[in-house]
Amino acid sequence: MSDDLDTLRHEVLSELAAVSDLKAWDAVRVATLGKSGRLTGLLKALGKMAPEERKQRGVALNRLRDELTQAVEERGRALEAAALEARLVAERVDVSLPPAPVQQGYIHPISRAIEEMTAIFGAMDFQVAEGPDIETDWHNFSALNTPAHHPARTDHDTFYLPPVPGLDVARVLRTQTSGVQIRTMLAQKPPIRIIAPGRTYRADHDATHSPMFHQCEGLVVGQDITLGHLKGCLIDFLRAFFAKPDMPVRFRSSYFPFTEPSLEVDIGWSRKTGEIGAGEDWLEVLGAGMVHARVLANCGLDPRTWQGFAFGMGVERLTMLKNGIPDLRSFYESDIRWLRHYGSDPLAPAMLHEGV
């Protein structure tokens with residue numbers, strides 16, 4: 001090998017030995033083997049030599065190119081391995097440290113209350129039924145024996161929707177989930193045992209009322225259904241929901257167009273402390289009654305053969321009582337601090353009382 005090639009060989013090998021990172025290594029590679037590299041320039045100059053000299057020079061250059069290419073590749077692999085090792089050391093996770101805190105989500109009290117109601121009534125063999133938020137006037141009022149002059153049918157209490165061209169049916173945002181009861185009785189034959197939780201709408205807004213709120217209604221239809229069945233069902237539910245096995249429950253006569261007889265249901269509580277199930281005072285929590293004969297007849301059921309009971313409760317109201325929430329409006333203010341306080345663990349199951 002001629003002196004200039006020998007010199008180039010020593011220079012390149014020395015430079016490769018001196019590089020400490022892949023960037024410097026790549027600079028040596030390009031300066032040696034690239035299109036404008038030193039060895040590439042010598043190979044291009046072969047065409048200007050005499051044939052005999054070109055032959056000898058070409059053999060030496062090819063040998064040097066193979067040697068330097070191998071040296072460059074080996075040095076590159078060594079630097080890549082060193083860089084990977086350094087990265088693994090730098091990015092090593094200390095498993096002895098506690099994990100970084102992760103922000104936990106919470107189940108909204110309304111969602112959790114509906115889960116608990118569904119679980120309690122599910123243990124009594126009730127099925128969940130659903131219906132549309134936009135109801136016909138017939139399903140929402142007329143089929144439920146609500147007279148045309150009833151205050152609930154006025155614009156001051158109910159959201160009426162504009163008429164649909166070609167459809168001669170009055171439409172409302174449902175004021176109660178009772179329409180689901182009507183649709184169920186029209187769609188299937190007794191025996192029927194359902195609850196209907198869902199959103200309802202009324203033109204009212206203050207600390208204890210909201211234009212949108214949630215109800216959970218229930219319906220049982222069968223033969224030989226009595227008021228005793230209704231009372232036993234609601235007593236078991238209320239004691240399970242509030243986790244008070246001996247909570248006093250009282251039934252008072254009332255009036256609803258769709259039930260006869262109709263009942264208001266009270267639970268024992270303390271006016272002084274607000275404690276549920278204690279004290280000598282009473283607090284109304286829901287309404288109920290035996291399904292009116294006209295309602296059964298409107299759904300094609302013979303009242304002489306079929307009897308039933310129905311009940312309805314405000315989900316927000318029971319949730320406020322159970323959790324000590326003073327203002328209904330706070331349910332819908334989207335305050336994360338409020339949700340952290342009153343919300344539930346998403347991994348915790350809906351609670352069932354042992355007596356149910």
Side-chain angles (χ1 to χ4, degrees), residues 109-110 113-114 116-126 128-129 144-146 152 175-178 180-181 192-198 200 202 208-209 213-222 225-271 274-292 295 307-325 328 351-353 355-356:
I110 294 297
I114 293 176
E116 293 180 355
M117 291 176 180
T118 302
I120 295 170
F121 284 116
M124 302 180 192
D125 204 28
F126 280 76
V128 176
L144 291 162
N145 196 39
T146 304
T175 61
Q176 53 204 357
T177 59
S178 304
V180 179
Q181 299 182 31
I192 296 171
R193 200 177 185 91
I194 64 160
I195 58 169
T200 55
R202 295 182 189 177
T208 57
H209 297 85
F213 58 101
H214 296 76
Q215 277 191 343
C216 181
E217 297 196 7
L219 172 69
V220 173
V221 178
I225 299 297
T226 69
L227 200 62
H229 296 121
L230 167 62
K231 295 174 68 176
C233 174
L234 293 181
I235 290 173
D236 286 347
F237 164 73
L238 291 170
R239 289 176 175 175
F241 184 79
F242 290 105
K244 300 284 186 179
D246 55 351
M247 182 174 64
V249 180
R250 183 178 71 173
F251 296 86
R252 292 180 291 108
S253 297
S254 185
Y255 166 76
F256 303 111
F258 30 81
T259 53
E260 178 61 35
S262 301
L263 304 171
E264 296 280 3
V265 184
D266 304 332
I267 59 174
W269 76 304
S270 171
R271 188 182 301 273
E275 183 181 355
I276 298 295
E280 299 179 354
D281 302 306
W282 294 97
L283 183 66
E284 182 269 325
V285 290
L286 60 92
M290 302 299 293
V291 180
H292 199 290
V295 175
Q307 295 82 41
F309 64 79
F311 54 85
M313 63 195 79
V315 177
E316 281 86 345
R317 175 167 174 75
L318 292 187
T319 305
M320 292 170 70
L321 293 174
K322 184 174 182 177
N323 297 282
I325 301 173
L328 175 68
M351 296 174 58
L352 263 179
H353 189 264
V356 179

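Note: hydrogens, waters and symmetry copies are ignored here, and every other heavy atom, side chains too, is used. Remember, it's a predicted structure, so these values are computed and weren't measured experimentally.
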Return yes if some donor-acceptor pair links the side-chain N/O of Asn145 with the main-chain N/O of Val295 below 3.5 Å, else return no. no
Considering only heavy atoms from C-beta outward, does the side chain of Arg202 approach that of Phe213 to under 4.5 Å? yes
Check Glu316 against Ile110 and note the closest heavy-atom contact, atom names and distance. CG-CD1, 3.4 Å
Minimum heavy-atom separation for Ile225 to Met290, with atom names? O-CE, 3.5 Å
Knowing that exactly one of Leu263, Ile235, Val265 qualifies, which makes a side chain to side chain contact (heavy atoms under 4.5 Å, CB included) with Leu230? Leu263
Would you give the length of the straight line joining atom CD of Gln307 to atom OG1 of Thr226, rounded to the nearest 0.5 angstrom? 9.5 Å
Where at least one partner belongs to residues 275-291, residue pairs that pass side-chain hydrogen bond (donor to acceptor under 3.5 Å, both in side chains), sequence neighbours excluded: none
Contacts of Asp246 that satisfy side chain to side chain contact (heavy atoms under 4.5 Å, CB included) - sequence neighbours left out: none
Quick one: list whatever passes side-chain hydrogen bond (donor to acceptor under 3.5 Å, both in side chains) with Thr118, sequence neighbours left out. none
Taking side-chain hydrogen bond (donor to acceptor under 3.5 Å, both in side chains) as the test, write out the residues that go with His292, two or more places apart. none
Go through the structure and list residues passing side chain to side chain contact (heavy atoms under 4.5 Å, CB included) with Leu219, not counting sequence neighbours. Gln181, Met185, Ile192, Ile194, Val221, Val291, Ala310
For Pro248 and Gly277 the tightest heavy-atom approach is CD-O, 4.0 Å
Result of checking Val315, Ile114, Leu318, Val128 against Cys216 for side chain to side chain contact (heavy atoms under 4.5 Å, CB included): Val315
Atom pair CD (Glu116) and CZ (Phe241), whose distance is rounded to the nearest 0.5 Å: 5.5 Å
Grab the two heavy atoms, one from Leu144 and one from Phe258, that are nearest each other, plus how far apart they are. O-CB, 3.3 Å
Euclidean distance, Asp266 CG relative to Arg252 CZ, rounded to 0.5 Å: 4.0 Å
A side-chain contact here means heavy atoms from C-beta on lying under 4.5 Å apart; do Leu238 and Leu286 qualify? yes
Mark yes or no for whether Thr319, through its side chain, and Ala113, through its backbone, hold a donor-acceptor pair below 3.5 Å. no
Flag side-chain contact, heavy atom, 4.5 Å: Ile276 against Lys322: no
Got a donor-acceptor contact below 3.5 angstrom from the Gln176 side chain to the Thr200 backbone? no
Any side-chain heavy-atom pair from Leu227 and Phe251 closer than 4.5 angstrom? no
Give the minimum heavy-atom separation between Pro197 and Ala129, together with the two atoms involved. CD-O, 4.2 Å
With sequence neighbours excluded, what pairs up with Ser254 under the side chain to side chain contact (heavy atoms under 4.5 Å, CB included) test? Phe256, Glu264
I'd like to know if the side chain of Arg239 and the backbone of Val249 have a donor-acceptor N/O pair within less than 3.5 Å. no
Please tell me if the side chains of Cys233 and Met124 come closer than 4.5 Å, counting only heavy atoms from C-beta onward. yes
is_close_aromatic(Phe126, Phe237), centroid dist under 6.0 Å: no
Any donor and acceptor pair, going by atom type alone, linking the side chain of Glu217 with main-chain N or O of Ser178 inside 3.5 Å? yes
